[in-house]
Amino acid sequence: MRPAVAVVDDASLIRESIGLLMPGLDVVAAVATVEELERLGPAVDLVVLDLHLANLERQPDVRQGIAALRVLTGRGYRVCVYSQEERRFVLAACVAAGASGVVSKALPRDRTEELFLEVAAGGTVVPQAVVGILEVLVRRDCITVLSERQRQILYGRARGLSYAQVARELFVSESTLRGYWYDLTRSLSDSLRGLTPGEIEHALGLAPGDLMEFWADGSADPADPADPAVRRDWWRIGRPR
C-alpha cells in the first residue's frame, strides 16, 4: 500500500509534480504553506517540507524553516525536509527540532523517492555530512537551539557591536555577556571557531529573514503580534518583552 503524503512547497511545479514523478507515493495534499496544510488537516504518513517558503511578493509572512517544522511536528506529522539548503548546522538544527529525514533536491528522482518511502515507513534519513555535525553536538550534550539571550548576543556581535555595547543593551555585565558568548561558541563545531560573528550567524541560518530566525512554538497564535514567539522582531536586542 502506498504511503499517503502531503507536500508543502511554494514552487508549484515541484509540489504538483512529485505525485506524478514518484508513483510509489500517494500525494493527497500539495500546498504552498504550512498554514494551508493546517487548515486541510490531512491524515498522512509523511509531510515533505521545503524549508524556504517565504516569498516577498506572494507570501511574505508565512512560516518557514524551523518555525514551519515545529508546527508540523507539533501536530504529530512525520516530516522529511526536502530542500536545496546545504548548511550543515541548519540541517542539523532541523533534525534536532524533529525532522525524521533530510533530502536534497539535487538528488536523482528515483533516489529521492526511495528516501521518502524510507522515512514514511518509519526510518530516518540524514546526510552523512549532517551526521558528523550531529555527532559533535551529541558528544558535547548541546544538540539544542540557541537560547534567546545567545541569539541576542549573536545578533549584536554580527552587527559589529562591541561586548560593552551589547551588554548595555541587555542590562548585563560585560563579564556575564562574555560568559554567554563562551557557552555559545563552545556549543559549536571546531569548524566555526575561526569565523566572524556574522559568518557564524549565516552558518546557523540566524540572520534576519533567514531560515532559523524564528523558533516559533507550534501552539503560538500567528494572529497575536504580542506573542513573543511569533512577533516578527521578538529576537531584536532592546525590544520590550
Side-chain angles (χ1 to χ4, degrees), residues 6-11 14-15 31-38 46-106 119 125-127 129-130 133-134 137 142-148 150-152 154-155 158 184 187-188 192 198-223 225 227-236:
V7 179
V8 182
D9 198 306
D10 66 332
I14 292 178
R15 67 174 181 267
V31 297
T33 68
V34 167
E35 289 82 356
E36 188 175 353
L37 188 69
E38 282 188 285
L46 179 69
V47 175
V48 173
L49 174 68
D50 183 19
L51 289 179
H52 297 264
L53 297 173
N55 183 297
L56 293 179
E57 294 181 359
R58 292 183 287 113
Q59 45 188 44
D61 298 319
V62 302
R63 291 185 180 96
Q64 64 169 351
I66 286 290
L69 178 58
R70 283 190 160 181
V71 166
L72 293 173
T73 56
R75 300 294 189 269
Y77 285 115
R78 189 170 185 80
V79 180
C80 182
V81 169
Y82 185 46
S83 176
Q84 293 177 318
E85 178 61 59
E86 296 181 350
R87 288 172 292 180
R88 295 177 298 164
F89 277 94
V90 172
L91 297 176
C94 291
V95 177
S100 298
V102 174
V103 175
S104 171
K105 286 185 175 180
V119 179
V125 172
V126 181
V130 177
I133 292 296
L134 289 171
L137 297 177
C142 58
I143 184 168
T144 60
V145 301
L146 297 184
S147 70
E148 178 182 356
Q150 287 175 326
R151 289 195 298 275
Q152 289 175 319
L154 180 57
Y155 180 83
L184 186 156
S187 71
L188 303 177
L192 294 185
E199 290 169 334
I200 294 175
E201 183 184 56
H202 173 73
L204 298 179
L206 287 169
D210 209 336
L211 290 173
M212 303 297 127
E213 177 184 340
F214 305 108
W215 299 83
D217 188 302
S219 63
D221 180 2
D227 189 330
V230 295
R231 196 174 63 234
R232 292 193 64 82
D233 60 350
W234 67 271
W235 45 268
R236 290 186 185 277

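Counting all heavy atoms, side chain and backbone alike, Ala32 lies closest to Glu36 at N-OE1, 3.7 Å. Pairing each heavy atom of Gly98 with each of Thr73, the nearest pair is O-CG2, 3.8 Å. The minimum heavy-atom distance between Cys94 and Leu69, with the atom names listed, is O-CD2, 3.2 Å. Taking each heavy atom of Glu85 and Val90 in turn, the nearest pair found is CG-CG1, 3.9 Å. Considering all non-hydrogen atoms of both residues, Val8 and Thr33 come closest at CG1-C, 3.7 Å.
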**Request:** Go through the steps to decide whether Leu91 and Leu51 satisfy the test side-chain contact (heavy atoms from CB on, under 4.5 Å), and finish with yes or no.
**Result:** CA-CA 10 Å; Leu91 297 176; Leu51 289 179; 4.2 Å; yes
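At least one side-chain heavy atom of Lys105 sits under 4.5 Å from a side-chain heavy atom of Ile14. A 4.5 Å side-chain heavy-atom check between Val47 and Val34 finds every atom pair outside the cut-off.
Remark: Leu49 CG to Asp9 CG distance equals 8.5 Å, nearest 0.5 Å. Considering CD of Gln84 and CG of Asp50, their distance stands at 7.5 Å, rounded to 0.5 Å. We find the SG-CG distance between Cys80 and Leu72 to be 12.0 Å, quoted to the nearest 0.5 Å. Note: Glu38 CD to Arg63 CZ = 5.5 Å, rounded to the nearest 0.5 Å.
Without hydrogens or angle criteria, Arg78 side chain to Ser100 main chain gives no donor-acceptor distance under 3.5 Å.
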